[in-house]
Amino acid sequence: MKRLPLEGIRVADLTMVWAGPFATKILAEMGAEVIKVESPQAWDLVRTLIPMPGVEEFWNCSYYFNDYNRDKKSVTLHLADPRGRELFLRLVERSDVVIENYRADVLDKLGLGYEVLRERKRDIILVSMAGFGKTGPEREYVGYGPIIEQMAGLASLTGYGDDGVPYKTGISYGDPVAGAAAAGAVALALIRRQRTGEGAFIDLAQREVMATLIGEAFVRASLRGEVPPHRGNRDERYAPQGVYRCFGEDRWVAISVRSDEEWRRLAQAIGRPDLASLTLPERKARHDELDRAIEAWTEQIRPQVAAQVLQAVGVPAAPVIDTEAIHDDPNLVAREFWVTLPHPRMKPWRQPRSPWRLAEANPTPRRHAPLFGEHNTEILGGLLGLSQEEIAELEAAGIVGRAPVDARPGG
Amino acid sequence: MSGGPLAGVRVLEIGGGIPAAFATRWMAGFGAEVVRSEGPPEALTEDEGIYLLAGKRRISVVEPTTLRRLALAADIVVEDRKPGTLAAWGMAPEDLRAEKPALVIVSITPFGQRGPYAGWEATNLTAFAAGGIHSLTGHPSRPPLQTGGSQALYLGGLHGFAAAITAYFGALVHGEGDWIDLAIQEIQAGMLELYGPRSEYEGGPSPRTGNHVRAVWGLYPCADGYAGVCALERQVPALFALVGDPALEEERFRDFTQRAEHDDELQAILYGWFADKTRAELLELGRKHKVPIGAVLTPLELLASEGLAERGFFDTVETNEGSARVPGRPFLGLPWVPGRWEAPGESTAAVLREWLGEEGVG
């Protein structure tokens with residue numbers, strides 16, 4: 001069996017919520033041993049974010065938590081207690097990477113800043129992914145994904161165009177974007193360590209990563225002083241382009257026309273050969289009218305059918321796939337993107353595998369997300385060498401736990 | 001040669017649009033020698049080219065046999081052509097891998113190398129539509145709305161970078177690279193927050209919620225634009241204290257479950273609270289009271305941001321129109337070198353000489 005790229009790498013994972021866990025999910029999928037460290041007093045709040053009425057141990061029964069924490073191990077340590085902190089530092093001595101997405105000041109306040117970690121492990125790689133970075137006048141701002149998107153310029157570009165209202169993306173978009181970048185940062189730092197023996201302190205500001213995904217808007221702003229207008233679902237180059245209502249409840253198809261030839265074929269396909277000879281400037285000028293002509297056709301059929309008819313004549317089109325239908329999407333099903341893993345407390349459901357499809361190493365999810373403190377004995381006993389008695393003492397003192405203290409739904 | 005973590009690493013970008021060009025932009029900044037074999041000119045706008053191609057050596061289209069030799073001289077190959085293109089050029093990824101086991105190849109496409117949509121034509125919009133995020137974005141009474149810019153294509157590039165670098169580390173340690181088939185549809189389908197798993201576990205699609213997932217997780221008009229608040233349960237008391245409306249003391253707002261039933265009322269209170277404050281005032285209140293508050297800033301405003309200036313975020317790229325300022329290093333902590341923008345084909349002869357030991361034209 002071919003080895004995964006990060007086999008042999010151990011990660012001490014302090015991340016919570018979504019951005020950080022998204023990063024360490026990738027590291028785990030790529031073969032790293034990811035040890036998730038939570039405190040009985042301050043656990044990853046995603047465990048308890050969604051109320052699960054009537055479910056015991058609801059912190060172990062979250063599909064949201066599960067899908068971004070698979071293949072990780074869970075150990076609990078109260079880091080604010082000196083004994084918990086010391087045990088974490090002993091874990092650091094045996095780790096390659098430490099990663100955290102606390103607010104910028106928290107890690108230092110816990111007495112676990114880079115210099116402290118480095119004293120215990122000379123070549124440690126620390127990745128901090130605070131929203132606005134560890135330095136600068138904005139470091140104290142608090143922010144989750146939607147705020148990152150606003151502060152990075154992206155929300156200002158999103159809108160229908162007829163009401164001046166900026167829009168948030170329907171997910172906390174800044175989180176998984178920062179997470180993917182953080183996974184890349186870990187690999188870069190490992191490459192350098194491999195070549196030079198040096199560790200690294202990566203200061204990743206989620207807002208900055210987000211801004212790199214709209215680079216051309218900064219070119220435009222800096223060269224011409226322009227702010228791009230809201231363009232709805234349209235494009236500056238292609239016309240017509242849009243999202244068109246289809247047969248059914250809230251069903252839509254996205255269509256883009258990139259050339260005169262594609263337009264001719266689309267006009268034929270929708271039964272409007274009278275429009276087939278329109279040039280790009282004409283199509284732009286009459287965009288609203290053409291949208292109505294296209295929608296008169298799409299309204300009669302399902303999005304999948306509309307997309308297939310247009311793809312058959314080489315016109316870019318795809319259904320707007322909702323969060324339920326995506327689990328049955330023919331392309332994703334054929335590619336075996338969805339996998340079902342057993343979970344000790346939950347009924348089976350289909351979960352995404354890694355989109356990093358290494359053709360030979362073939363990363364495949366191995367195990368459900370860890371129950372809270374599930375690997376306390378393995379990590380504290382096996383890796384750190386504590387005796388059963390010592391672990392029991394730590395449990396009695398509230399430094400190690402098997403359940404969050406006073407957990408309530410809602411995070 | 002810079003002292004970046006990828007110094008001495010040779011990368012061939014078979015362009016390509018945004019996905020391949022963005023994936024290799026960070027490689028160039030972190031020290032790799034990136035050679036871009038030009039794609040169709042319409043694949044990038046001029047502004048996209050200024051941002052994405054700085055720091056790369058550009059070669060004009062060479063014979064497929066030469067391109068094949070360049071690929072085998074590289075450590076990493078990144079491409080975003082239609083599935084089957086490399087094979088048609090006599091350089092199928094499997095064959096390149098067999099000839100050079102340490103080689104890392106990343107193919108980025110909207111729908112992947114195999115599957116019923118593999119041959120589909122796509123643009124950023126249609127690729128975004130197929131990934132699930134589009135269905136969640138926009139006002140519930142209006143059509144789904146694409147997020148600004150070209151997010152589907154950039155997501156392909158972002159993951160292309162991270163996956164390539166990870167596989168390259170694997171090649172350094174284990175001696176073997178891999179061929180990575182990245183489908184932009186899968187990247188998106190795997191980042192649907194709680195909405196993806198919820199639909200699968202509980203049934204039913206998640207609706208679009210516009211700018212308000214809930215009152216305390218939304219975007220509001222303010223005195224000079226728009227500002228947002230994202231309060232989780234632990235931050236709600238601090239937010240309520242900040243707003244200071246006595247009604248917020250009541251149990252129907254304090255209690256997590258009851259609050260959901262009075263969300264419209266709470267939104268009305270927050271609309272009122274945001275309305276007379278500027279974005280700067282709101283950001284300062286958020287910082288001071290540790291409440292997650294944000295402001296909708298434009299790229300023009302960010303170029304003038306003191307915070308980003310202090311952190312040295314922007315690079316300068318010299319263009320025919322003047323100096324463009326663009327997002328630079330994605331994170332601090334590893335040496336980054338801003339790149340110079342080359343004209344198309346500027347390095348053809350030099351690259352053929354240095355990589356293949358050839359004189360003359362390609």
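In what follows, chains are A, B, ... by sequence order, proteins preceding strands, each numbered from 1. Side chains included, hydrogens not; waters and symmetry mates left out as well; all remaining heavy atoms used.
Scanning both residues, W217(B) and S172(A), for their nearest heavy atoms gives CZ2-OG, 3.7 Å. Of all heavy-atom pairs spanning L232(B) and L49(A), the tightest one is CD2-CD1, 3.8 Å. Scanning all heavy atoms of the two residues, the minimum distance from F337(A) to A189(B) falls at CE2-CB, 3.7 Å.
We find that E138(A) and R287(B) are not joined by a salt bridge, their nearest charged nitrogen and carboxylate oxygen being 4.0 Å or further apart. One finds no salt bridge joining E42(B) and R258(A) here, because no Lys/Arg side-chain nitrogen approaches an Asp/Glu carboxylate oxygen to under 4.0 Å.
With a threshold of 4.5 angstrom between heavy atoms, M346(A) approaches chain B through its backbone and through its side chain. In this structure, chain B has a heavy atom under 4.5 Å from the backbone of K134(A), while its side chain stays farther away. Neither the backbone nor the side chain of A325(A) comes within contact range of chain B; no heavy atom of the residue lies under 4.5 Å from a heavy atom of that chain. Residue contact with chain B, scored on non-hydrogen atoms closer than 4.5 Å, involves the backbone and the side chain of R335(A) alike. At a 4.5 Å heavy-atom cutoff, the contact between A118(B) and chain A is made by backbone atoms alone.
A donor-acceptor pair shorter than 3.5 Å can be found between the side chains of Y173(A) and Q151(B). A donor-acceptor pair shorter than 3.5 Å can be found between the side chains of E202(B) and Y63(A).
Counting only heavy atoms from C-beta outward, the side chains of T319(B) and V219(A) never approach each other to under 4.5 Å.
The greatest number of non-hydrogen atom pairs below 4.5 Å with chain B, out of A185(A), A217(A), G136(A), A200(A), is found for A185(A). Most heavy-atom pairs under 4.5 Å with chain B: of the set L27(A), N66(A), V165(A), this distinction falls to V165(A). Between chain B and the options A334(A), P352(A), P330(A), the largest number of non-hydrogen pairs under 4.5 Å is found for P330(A). Residue with the most contacts toward chain A among G170(B), G333(B), S199(B), G218(B): S199(B) (heavy-atom pairs, distance under 4.5 Å). Chain B forms the most heavy-atom pairs under 4.5 Å with one residue out of Q241(A), Q351(A), R220(A), Q194(A), and that residue is Q241(A). Looking only at heavy-atom pairs under 4.5 Å with chain A, the residue among H174(B), E176(B), E48(B) that has the most is H174(B).
Rounded to the nearest 0.5 angstrom, I293(B) CD1 and M151(A) CE are separated by 11.0 Å. Here OG1 of T158(A) is found 8.0 Å from CD of Q146(B). Values are rounded to the nearest 0.5 Å. With rounding to the nearest 0.5 Å, the separation of CZ in F169(B) from CG in L190(A) is 4.5 Å.
In this structure a side-chain-to-backbone donor-acceptor pair under 3.5 Å is missing from Y226(B) to S156(A). Between the side chain of D67(A) and the backbone N or O of P197(B), no donor-acceptor pair lies under 3.5 Å. Side-chain atoms of T137(B) come within 3.5 Å of backbone atoms of G170(A) as a donor-acceptor pair (strictly under, hydrogens ignored). Looking only at distances, no side-chain donor or acceptor of D322(A) sits under 3.5 Å from a matching main-chain atom of S206(B).
A perpendicular orientation is assigned to the rings of H139(B) and Y167(A), their planes being inclined by more than 60° (bins at 30° and 60°).
Put simply, the residue from Q188(B), H134(B), Q185(B) that forms a side-chain contact (heavy atoms from CB on, under 4.5 Å) with I321(A) is Q185(B).
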